[in-house]
Asks: 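Once you've had a glance at the structure underneath, I'll fire off some questions.
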Amino acid sequence: MNFSEDGHVYTDRNTANPSHVAIIMDGNGRWAKQRLLNRIKGHEKGAETVRTIVECCREIGISILTLYAFSTENWQRPQVEVAALMTLLANFLKSEQKKLLDNNIRLNAIGQIERLPENVRNALYKTMALTEKNNGMLLNLALSYGARAEIVRMVKDIAIKVRKGIIDSDSITDDVISDSLYTKGMPDPDLLIRTSGEMRISNFLLWQIAYTEIYVTDTLWPDFSKDEFMQILKNYQHRKRRFGKV
Ligand code: IPE
Ligand code: IPE
Ligand code: MG
């Protein structure tokens with residue numbers, strides 16, 4: 001039981017850190033534009049923030065960090081920007097390998113990985129295999145990810161199983177659906193952060209965020225810091241998660 005300064009008694013305060021944090025890393029382009037730089041420079045700076053926040057999550061003991069790095073819709077950006085993002089991603093995977101291993105971090109990817117260029121896919125599979133046994137933290141990259149595409153894939157998957165008689169349609173439950181998504185085996189995010197102020201989900205984890213706490217900050221992703229992240233965690237700790245109950 002906790003007493004606040006105003007004399008009220010607050011019970012059941014959630015003072016624990018989230019197990020699973022998901023982040024929509026937005027605002028790289030605006031960060032660059034503010035500085036009259038090419039958008040690519042914003043993505044490069046954004047990659048540095050990724051390193052900082054991964055490190056921070058590992059230090060404070062977050063179990064899963066899911067980062068929205070590239071959406072299915074992002075394929076519609078100019079080809080030069082897509083190519084630059086793919087190069088950055090391949091470089092990131094190579095440069096971070098040692099750090100992931102040293103810090104016991106497992107890398108996983110969710111999304112339409114088959115659409116990624118071969119060099120990126122190979123770097124990804126290699127890093128995933130290398131870090132497969134790590135259990136300190138799961139770094140989950142959403143790449144070529146779209147929640148609707150994920151749901152379509154899940155429905156097809158279950159429909160085939162029903163047709164083949166592997167499962168009965170009456171036995172389709174929340175758990176059956178969760179187990180047919182890219183995030184199979186992972187708890188749903190406790191906290192979703194979106195940087196750069198947009199009040200939307202942009203096709204990220206639609207099923208999984210049913211009861212996730214949302215925090216939107218105006219800070220652009222390249223400017224996002226460990227300090228602000230800690231402030232957000234503090235804010236999360238004071239929230240009362242009711243899950244529809246009283
Ligand atoms: C987020 O930054 C990175 C990706 C979506 C790949 P943006 O590139 O969307 O930056 P803004 O929204 O244009 O500022
Ligand atoms: C969401 O950002 C996708 C990622 C951060 C990877 P966008 O910039 O693509 O989203 P919208 O276009 O503002 O909805
Ligand atoms: Mg954006």
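Counting starts at 1 for both ligands and their atoms, following the listed order. FYI, the numbering just counts along the sequence from 1. This structure is a prediction, so every number in the text was calculated from the model and none was measured.
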Asks: I need the protein N, O or S atoms closer than 2.8 Å to the Mg ion (ligand 3), given as residue plus atom name.
Replies: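 Near the Mg ion (ligand 3), the protein supplies Asp26 OD1.
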Asks: If you measure from CD1 on Ile177 to CD1 on Ile151, what distance do you get to the nearest 0.5 Å?
Replies: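 Reported to 0.5 Å precision, the distance equals 9.0 Å.
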Asks: Measure the spacing between OG1 of Thr195 and CZ of Arg30 and express it to the nearest 0.5 Å.
Replies: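 That separation rounds to 8.0 Å.
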Asks: Could you tell me whether Ala69 approaches ligand 2 through its side chain, its backbone, both or neither, with non-hydrogen atoms closer than 4.0 Å?
Replies: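 It is the backbone that touches ligand 2; the side chain stays farther off.
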Asks: Closer than 4.0 angstrom, basic N to acidic O: yes or no for Asp157 and Arg153?
Replies: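 Result for this pair is no, no salt bridge flagged.
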Asks: Specify the protein heavy atom at minimum distance from atom 14 (O) of ligand 2: its residue, its atom name, and the distance to 0.1 Å.
Replies: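 Checking every protein heavy atom, the shortest distance to atom 14 (O) of ligand 2 gives Ser202 OG, 2.6 Å.
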Asks: Atom CZ of residue position Arg148 - does it have more than 12 heavy atoms of other residues, nucleotides or ligands inside 6.0 Å?
Replies: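 No.
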Asks: Could Lys226 and Glu55 be called an ion pair, given the rule that one side-chain N must be under 4.0 Å from one carboxylate O?
Replies: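 Not counted as a salt bridge, because no side-chain N and carboxylate O are separated by less than 4.0 Å.
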Asks: Around atom 4 (C) of ligand 1, find the nearest protein heavy atom and jot down its residue, atom name and distance.
Replies: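 Atom 4 (C) of ligand 1 sits closest to the protein heavy atom Arg77 NH1, 3.9 Å.
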Asks: Between Trp221 (side chain only) and Gly46 (backbone N and O only), is there a donor and an acceptor less than 3.5 Å apart?
Replies: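 Checking the backbone N and O of Gly46 against the side chain of Trp221, a donor-acceptor pair under 3.5 Å is found.
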Asks: At what distance, to the nearest 0.5 angstrom, does NZ of Lys161 lie from CD1 of Ile167?
Replies: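 Rounded to the nearest 0.5 Å, the NZ-CD1 separation comes out at 6.5 Å.
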Asks: Which one holds for Gln76 and ligand 2: side chain close, backbone close, both close, or neither close, with close meaning a heavy atom under 4.0 Å?
Replies: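 Neither; no heavy atom under 4.0 Å.
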Asks: Hey, looking at atom 11 (P) of ligand 1, which of Glu198, Glu81, Arg30 has the closest heavy atom?
Replies: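 Selected option, by shortest heavy-atom distance: Arg30.
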Asks: May I ask you to identify the nearest protein heavy atom to atom 12 (O) of ligand 2, giving residue, atom name and distance to one decimal place in Å?
Replies: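 For atom 12 (O) of ligand 2, the nearest protein heavy atom is Arg200 NH2, 4.4 Å.
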Asks: With a 4.0 Å cut-off, would you call Lys41 and Glu44 a salt bridge?
Replies: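 Salt bridge between Lys41 and Glu44, a charged N being under 4.0 Å from a carboxylate O: yes.
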Asks: How far is atom 10 (O) of ligand 1 from its nearest protein heavy atom, and which residue and atom is that?
Replies: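 Scanning the protein heavy atoms, the shortest distance from atom 10 (O) of ligand 1 goes to Gly29 N, 2.9 Å.
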Asks: Does ligand 2 have a heavy atom under 4.0 Å from the side chain of Met25, from its backbone, from both, or from neither?
Replies: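 For Met25, only backbone atoms sit under 4.0 Å from ligand 2.
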Asks: Run the numbers for me: atoms of ligand 1, each under 4.0 Å from some heavy atom of His43, listed by number.
Replies: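 Near His43, meaning under 4.0 Å from one of its heavy atoms, ligand 1 has 3 (C), 8 (O).
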Asks: Any N or O on Asn74 sitting closer than 3.5 Å to an N or O of ligand 1?
Replies: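 For ligand 1, there is no N or O atom that lies under 3.5 Å from one belonging to Asn74.
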Asks: Is atom CD of Glu114 surrounded by more than 12 heavy atoms (other residues, nucleotides or ligands) closer than 6.0 Å?
Replies: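 More than 12 heavy atoms, drawn from other residues, nucleotides or ligands, come within 6.0 Å of this atom.
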Asks: Take atom NZ in Lys156; do more than 12 heavy atoms of anything else shown fall under 6.0 Å from it?
Replies: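 No, the 6.0 Å shell around NZ holds no more than 12 heavy atoms from other groups.
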Asks: Counting both backbone and side chain atoms, is some N or O of Tyr68 under 3.5 Å from an N or O of ligand 2?
Replies: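 Checking ligand 2 against Tyr68, no N or O pair falls under 3.5 Å apart.
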Asks: Taking it one step at a time, do Val50 and Glu96 satisfy side-chain contact (heavy atoms from CB on, under 4.5 Å)?
Replies: CA-CA 11 Å; Val50 172; Glu96 295 313 283; over 6 Å; no
Asks: Given Lys45 and Asp223, is the salt bridge (charged side-chain N to carboxylate O under 4.0 Å, His left out) satisfied, shown in steps?
Replies: CA-CA 9 Å; Lys45 188 79 168 94; Asp223 288 329; over 6 Å; no
Asks: Kindly say whether Asn135 contributes a backbone atom to a donor-acceptor pair with the side chain of Asn104 at under 3.5 angstrom?
Replies: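 Answer holds: yes.
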Asks: If you count the atoms of ligand 2 from 1 in the order shown, which ones are under 4.0 Å from a heavy atom of Phe70?
Replies: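 In order of number, 6 (C).
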Asks: I need the contact type for Phe204 against ligand 2. Using non-hydrogen atoms and a strict under-4.0 Å cut-off, is it side chain, backbone, both or neither?
Replies: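 Within the 4.0 Å criterion, Phe204 makes no contact with ligand 2.
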Asks: Parallel, tilted or perpendicular: which describes the rings of Phe204 and Tyr68, with under 30° parallel and over 60° perpendicular?
Replies: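 It falls in the parallel class, under 30°.
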Asks: Have a look at ligand 1 and work out which part of Lys33, if any, has a heavy atom under 4.0 Å from it: side chain, backbone, both or neither.
Replies: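 Neither part.
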Asks: Examine ligand 1 and decide if any of its atoms is less than 4.0 Å from a heavy atom belonging to Ser196.
Replies: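 For ligand 1, residue contact (heavy atoms, under 4.0 Å) with Ser196 is absent.
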Asks: So is Ser71 touching ligand 1 or not, going by heavy atoms under 4.0 Å?
Replies: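 Per 4.0 Å heavy-atom rule, Ser71 does not contact ligand 1.
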